[in-house]
Chemist: 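Take a look at this one; I'll ask things after.
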Amino acid sequence: MDGRTPLARYDHDMLTMGSLFDGIGGFPLAAVRNGIVPVWASEIEAFPIRVTQKHFPNMIHVGDITKLDGAKLPPVDIICGGSPCQDLSVASPTRAGLAGARSGLFMEQIRIVKEMRAADVHRGRTARFVRPRFMAWENVPGAFSSGSPKGEDFRIVLEETCKISCDTVYVPGPHPWKWKFAGRILLGDSFSLAWRVLDAQYWGLAQRRARVFLIADFGGLTAPKILFEPESLPGYPAPGP
């Protein structure tokens, strides 16, 4: 990685994105289809890297997430990541959850977001526009019931994400333990978080594939709008003025 790679070559009106746990580039593909520029990606497997090098030749590959310093990465508006799901999945024989070596890598995503934002503040960015302003996290619905007591791991996900904005936040567990399939958290007028389960079968995939999507906006209240307020439904035009 060349940390000096200039972002000036991109249109400043376009949002930029970094992709952690990139795989074959699912988040970058969604980004370019929505006018967002994928700037860099973190992945360690050779074949997925070759796939994304072919389809996103201008995207920088920054390597192993555990060796990255968020302060030294090219700053981006959005950091996305689908951390490994094996320890959270209901199919896991041990269900080690966030304590597991694989699913525990979620905390690396939190670390990198914190480091990048701290570096951007040091560069003089104002609070609402500190990068990354947005974070997206994707995982299996098993995250809702993983941990002890049941659901504790998802509580930790919510709390650690909120702490990026306010390090004194405490997120209580759900009552009863089972998390809803959608929800939101608002902190004043400067932070919002929302989560929702979406199933790929409703987007053209010939199988059921439910996933949790979590969006955090560290500079405003747009997270619920992003997840819950589509501009239009498939097959219908967007509403007129």
Side-chain angles (χ1 to χ4, degrees), residues 1-85 102-103 105-106 108-113 115-117 120 131-140 161 164 194-200 202-205 207 209-218 222-223 226-227 230-231 234:
M1 181 192 76
D2 180 1
R4 299 168 297 173
T5 301
L7 297 182
R9 67 174 183 259
Y10 299 123
D11 183 345
H12 288 293
D13 291 331
M14 297 178 71
L15 292 172
T16 55
M17 188 199 77
S19 177
L20 300 171
F21 316 105
D22 186 59
I24 58 172
F27 276 118
L29 178 61
V32 298
R33 289 184 174 180
N34 288 277
I36 300 169
V37 179
V39 176
W40 51 260
S42 170
E43 176 56 57
I44 60 173
E45 297 294 335
F47 177 73
I49 291 173
R50 290 199 298 271
V51 171
T52 51
Q53 285 175 332
K54 176 178 175 61
H55 293 287
F56 309 103
N58 294 322
M59 189 170 67
I60 307 163
H61 286 270
V62 296
D64 186 342
I65 188 173
T66 65
K67 296 178 172 60
L68 299 181
D69 181 342
K72 296 179 181 179
L73 289 169
V76 290
D77 300 299
I78 308 163
I79 287 183
C80 298
S83 51
C85 67
R102 292 169 293 185
S103 294
L105 289 171
F106 163 75
E108 296 291 332
Q109 180 170 351
I110 295 293
R111 174 185 62 79
I112 287 169
V113 171
E115 290 170 348
M116 184 177 291
R117 286 178 59 80
D120 222 31
R131 296 165 294 181
R133 174 170 168 174
F134 301 97
M135 186 186 91
W137 179 73
E138 172 269 333
N139 222 282
V140 294
T161 304
I164 294 173
W195 69 92
R196 182 181 182 183
V197 174
L198 299 172
D199 194 325
Y202 301 116
W203 277 265
L205 190 69
Q207 61 175 292
R209 192 175 180 86
R211 291 293 183 270
V212 181
F213 287 87
L214 180 150
I215 303 292
D217 176 0
F218 303 110
T222 67
I226 291 170
L227 276 185
E231 293 182 3

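The figures here come from the full heavy-atom set of this structure, side chains too, leaving out hydrogens, waters and symmetry mates. Since the structure is predicted, the reported quantities are computational estimates derived from the model, not experimental observations.
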Chemist: On a heavy-atom basis, which atom in E115 and which in L68 lie closest, and how many Å separate them?
Modeler: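 Result for this residue pair: OE1-O, 4.1 Å.
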Chemist: Side-chain contact, heavy-atom cut-off 4.5 Å: V212 with V140?
Modeler: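 Not touching, per the 4.5 Å side-chain cut-off.
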Chemist: After noting the C-alpha distance and the side-chain angles of F56 and L29, does the key distance pass the side chain to side chain contact (heavy atoms under 4.5 Å, CB included) rule?
Modeler: CA-CA 9 Å; F56 309 103; L29 178 61; 4.1 Å; yes
Chemist: What is the distance from atom CD1 of I24 to atom CZ of R50, rounded to the nearest 0.5 Å?
Modeler: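 These two atoms lie 13.0 Å from each other.
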Chemist: For T222 and R133, what are the C-alpha separation, side-chain angles and deciding distance, and is it a side chain to side chain contact (heavy atoms under 4.5 Å, CB included)?
Modeler: CA-CA 11 Å; T222 67; R133 174 170 168 174; 4.0 Å; yes
Chemist: When you look at CD1 of I226, are more than 12 heavy atoms from neighbouring residues, nucleotides or ligands closer to it than 6.0 Å?
Modeler: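 Counting other residues, nucleotides and ligands, CD1 of I226 exceeds 12 neighbours.
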Chemist: Pairs of donor and acceptor atoms involving the side chains of residues 32-49, under 3.5 Å and at least two apart or interchain, shall be tabulated with distances.
Modeler:
| from | atom 1 | to | atom 2 | distance (Å) |
| --- | --- | --- | --- | --- |
| N34 | ND2 | A30 | O | 2.7 |
| W40 | NE1 | P74 | O | 2.9 |
| S42 | OG | G63 | O | 2.6 |
| S42 | OG | I65 | N | 3.4 |
| E43 | OE1 | G23 | N | 2.7 |
| E43 | OE2 | E45 | N | 3.0 |

Chemist: Minimum heavy-atom separation for S19 and P28, please, with both atom names.
Modeler: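 What the structure gives for the nearest pair is OG-CD, 3.8 Å.
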Chemist: Calculate, to the nearest 0.5 Å, the distance between atoms CD and CG belonging to E108 and L105 respectively.
Modeler: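 Here the interatomic distance stands at 6.0 Å.
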Chemist: Distance from R111 atom CZ to T66 atom OG1, nearest 0.5 Å?
Modeler: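 Nearest 0.5 Å value for the CZ-OG1 distance: 7.5 Å.
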Chemist: Might you point out which heavy atoms bring R196 and L227 nearest each other, and give the distance in Å?
Modeler: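 Heavy atoms of R196 and L227 come nearest at NH1-O, 2.6 Å.
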Chemist: Please tabulate, for side-chain N and O atoms in residues 75-83, each donor-acceptor pair with protein atoms closer than 3.5 Å (sequence neighbours left out).
Modeler:
| from | atom 1 | to | atom 2 | distance (Å) |
| --- | --- | --- | --- | --- |
| D77 | OD2 | T16 | N | 2.9 |
| D77 | OD2 | T16 | OG1 | 3.1 |
| S83 | OG | W137 | NE1 | 2.8 |
| S83 | OG | N139 | ND2 | 3.4 |

Chemist: Nearest heavy-atom pair of A210 and V197: which atoms, and what distance?
Modeler: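 Smallest heavy-atom distance, with atoms named: CB-CG1, 4.0 Å.
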Chemist: Please evaluate residues R117 and V113 with respect to the criterion side chain to side chain contact (heavy atoms under 4.5 Å, CB included), reporting the C-alpha separation (whole Å), side-chain torsions for both, the decisive distance (0.1 Å), and the verdict.
Modeler: CA-CA 6 Å; R117 286 178 59 80; V113 171; 3.9 Å; yes
Chemist: I would like to know whether M59 and D22 meet side chain to side chain contact (heavy atoms under 4.5 Å, CB included); could you show each step before the answer?
Modeler: CA-CA 11 Å; M59 189 170 67; D22 186 59; 4.1 Å; yes
Chemist: So F213 and E138, do their side chains get closer than 4.5 Å, heavy atoms only?
Modeler: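 Side chain of E138 against side chain of F213, heavy atoms only: contact under 4.5 Å found.
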Chemist: Might you point out which heavy atoms bring I215 and A136 nearest each other, and give the distance in Å?
Modeler: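 Closest approach of I215 to A136: CD1-CB, 3.7 Å.
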Chemist: So which heavy atom on F218 is nearest to which on T161, and how close?
Modeler: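 Closest approach of F218 to T161: CE2-O, 3.7 Å.
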